[in-house]
Structures are given as structure tokens and as C-alpha cells.
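All remarks here apply to the structure that follows.
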Amino acid sequence: MATRLFRLFLTGGLLASGVVFSTLVNAQSNDVLIEPELKRDVVTEADINSNDFEFGAFAGMVSIEDFSSSAVYGLTIGYHVTENLFVEVQGGMAEAGKTSFENLSGGAPLLTEDERDYQFYDLSVGYNFNGEIFFTDGTTFNTDFYLTLGGGSTSFGGDNKFTLSLGAGYRVLITDHIALRLDVRDRIFSSQLTGEKKDTHNLQYTLGATFFF
């Protein structure tokens, strides 16, 4: 009799355990999976916007053909029609050095002091090729490599000369309002200061800072 009661008790316990286990499994399967909310940082990079004006200053060196290299400085103002297309006015000045003939002969100077003043201005159209530069894992700046084509005037040797301007440059956008620029320009005009009329190439290399508004 005791054995029978023990078996009945054991069977009931097993049945009860199964019911409890099944209930727990069903409860777990009905639980809603809650995913943690991840806070994502929004990174905003400086960029050029359409209708931005760009104003700045530059300084560097200019190699006036047939004359020694000289320091050059000037101002630039531009208007960005789109993110890629822009127009720009640039003007500057330098003072030409001596020619090789003057340095070797030690004779009378080819130009007076006033005629050595080299002044220019031009209007150019430019196109930006957008890119990026990575300084560290967390520091990235937008950049532009650009090409320019324009025309203007150069005052040199006591005469004003029509000038074709070809250029290329590299711009690093530090913020939405400040950029650093490296420019190379070739200003081409006709000259016969050394006795032979020819098209002269006057290469200019400058560093500059500009501001957007």
C-alpha cells in the first residue's frame, strides 16, 4: 500500500514539474526582445554651399619671364554658382627683379623703377573636384582640387597687356567659413622688352586664406 502511494505521489510530482516547465518555456517565448537604444553621433563636415561668396588674401612668388623671381601678394573674391562651379576675380602686385643681361653686364638698367612694377587683375571661371583629406581617425576635412581659366590685364614695363590666365589649386575647408588655398597660375601675355616680341609665361605660386559668407 505504501509503495503504491509513493508511486502515485512520484507520478503527480513529475506531471506537476512538466506543467511548470512548459509554462516557463511559453512565457519566455512570449517575451518581447528589447534592443538598447544606441546614440549615434552626427558628424557635420565643412562644405561649400551654392551662392557662397569667398574673399581672401594670398602671398607667394612670381617668376616673370626674363626677370628674376619676386614676391607677390594680392586679394581674391569669388562667387560659387554651385558646389562645383565658381567665378573669381584676382588682383595683385609685385616688383620685377633684374634680367640676366642686367646682372651680367652691370650696364644701364633695362627698366626704370616705376616700369618694374608688375600689377595684374583677371576674371576666371573655375571648377571644383571635391575630395577629402584624413589627418587622424577622427579628423577629416573636405577639400577641392580646382582648375581655372580666365583673362584680364597686366601692367608691366610701362604698358598694359591683355593676359590669359591658366590656373590650378587645392583648397582645404577648415570650417564652413574658413579655407586654406594653394594656387598655381600662369599669366600669359605678349612682350618685347628684351627686343624680341614673344608670348611670355609668368608663373605664380601662392598660399592664401579665404573666408566664406
(request) Find out if a path of hydrophobic residues (ILVMFWY) with successive side-chain heavy-atom gaps under 4.5 Å connects L182 to F129. (result) no
(message) Hydrophobic clustering (ILVMFWY, side-chain heavy atoms < 4.5 Å, transitive) - are L180 and F86 grouped together?
(response) no
(request) Grab the two heavy atoms, one from T143 and one from E132, that are nearest each other, plus how far apart they are. (result) OG1-N, 3.4 Å
(message) Can you see whether N130 engages D144 through a side-chain donor-acceptor pair at a distance of less than 3.5 angstrom?
(response) yes
(request) Considering non-hydrogen atoms only, spot the tightest contact between G167 and R185 and give its length. (result) CA-CD, 3.6 Å
(request) For side chain to side chain contact (heavy atoms under 4.5 Å, CB included), just list the numbers for R116 and F67, CA-CA rounded to whole Å, side-chain angles, deciding distance to a tenth of an Å, and then say yes or no. (result) CA-CA 10 Å; R116 292 184 189 278; F67 293 80; 3.9 Å; yes
(request) Show your working on side chain to side chain contact (heavy atoms under 4.5 Å, CB included) between Y121 and S153 and close with a plain yes or no. (result) CA-CA 6 Å; Y121 68 87; S153 178; 3.7 Å; yes
(message) Minimum heavy-atom separation for T139 and T136, please, with both atom names.
(response) OG1-OG1, 2.9 Å
(request) Applying ring pair (Phe, Tyr, Trp, His ring centres under 6.0 Å), run through F189 and F162 and close with a yes or a no. (result) CA-CA 6 Å; F189 57 80; F162 172 77; over 10 Å; no
(message) Less than 3.5 Å apart, any donor N or O on the side chain of R171 or N128 sitting next to an acceptor on the other?
(response) yes
(message) Whether the T112 and D114 side chains hold a donor-acceptor pair (N or O, under 3.5 Å, no angle test) is what I'd like checked.
(response) no
(request) Please determine which of V87, L147, L149 meets the side chain to side chain contact (heavy atoms under 4.5 Å, CB included) test together with V125. (result) V87
(message) According to side chain to side chain donor-acceptor pair (under 3.5 Å), who are the partners of Y79, at least two apart in sequence or on a separate chain?
(response) N51
(message) On a heavy-atom basis, which atom in L173 and which in A179 lie closest, and how many Å separate them?
(response) CD2-CB, 3.9 Å
(message) Would you say L164 ends up clustered with V184 if hydrophobic residues are merged whenever their side chains have heavy atoms under 4.5 Å apart, either directly or through other cluster members?
(response) no
(message) Do L193 and L111 have side chains that approach each other closer than 4.5 Å (heavy atoms only, starting at C-beta)?
(response) yes
(request) Using atom types as modelled and distance alone, determine if a side-chain donor or acceptor of D117 lies under 3.5 Å from a backbone N or O of A94. (result) no
(message) For K161, is the NZ atom crowded, meaning more than 12 foreign heavy atoms sit under 6.0 Å from it?
(response) yes
(message) Under a 3.5 Å distance rule, please check whether T148 uses its side chain to pair with a backbone N or O of Y146 as donor and acceptor.
(response) no
(message) Using the rule given for side chain to side chain contact (heavy atoms under 4.5 Å, CB included), can you reason through T76 versus E88, listing the C-alpha separation, both sets of side-chain angles and the distance that settles it, and then say yes or no?
(response) CA-CA 7 Å; T76 181; E88 180 177 81; 3.2 Å; yes
(request) Could you tell me which residues satisfy side chain to side chain donor-acceptor pair (under 3.5 Å) with D199, sequence neighbours excluded, listed by chain and number? (result) none
(message) Tell me which one of T200, L166, T163 satisfies side chain to side chain contact (heavy atoms under 4.5 Å, CB included) with I188.
(response) L166
(message) If I take atom OG1 from residue T154 and atom CG from residue D122, how far apart are they, to the nearest 0.5 angstrom?
(response) 7.5 Å
(request) Please check if F53 and F55 belong to a single hydrophobic cluster, counting links between Ile, Leu, Val, Met, Phe, Trp and Tyr side chain heavy atoms closer than 4.5 Å. (result) yes
(message) Are F135 and F145 connected into the same hydrophobic cluster when the rule is that any two of I, L, V, M, F, W, Y join if their side-chain heavy atoms are below 4.5 Å apart?
(response) yes
Donor-acceptor pairs under 3.5 Å, side chain of residues 204-213 to any protein atom, not counting sequence neighbours: which ones?
{"from": "Q204", "atom 1": "OE1", "to": "R187", "atom 2": "NH1", "distance (Å)": "2.8"}
{"from": "T210", "atom 1": "OG1", "to": "E54", "atom 2": "OE2", "distance (Å)": "2.8"}

(message) Check for me whether R181 meets the cation-pi criterion with Y170, that is, NZ or CZ under 6.0 Å from the six-membered ring centre and within 45 degrees of the ring axis.
(response) no
(request) Locate the shortest heavy-atom distance separating F120 from V72; write the atom from each residue and the value. (result) CE2-CG2, 3.9 Å
(message) Going by salt bridge (Lys or Arg N to Asp or Glu O under 4.0 Å), name the pairs with one or both residues in residues 203-213, residues two or more places apart or in two chains.
(response) none
(request) Report the residues that fulfil side chain to side chain donor-acceptor pair (under 3.5 Å) with S124, sequence neighbours left out, ordered by chain and then residue number. (result) none
Show every donor-acceptor pair shorter than 3.5 Å between a side-chain atom in residues 57-66 and any protein atom, with sequence neighbours excluded, or say none if there are none.
{"from": "E65", "atom 1": "OE1", "to": "H201", "atom 2": "N", "distance (Å)": "2.6"}
{"from": "D66", "atom 1": "OD1", "to": "K198", "atom 2": "NZ", "distance (Å)": "3.4"}
{"from": "D66", "atom 1": "OD2", "to": "K198", "atom 2": "NZ", "distance (Å)": "3.0"}

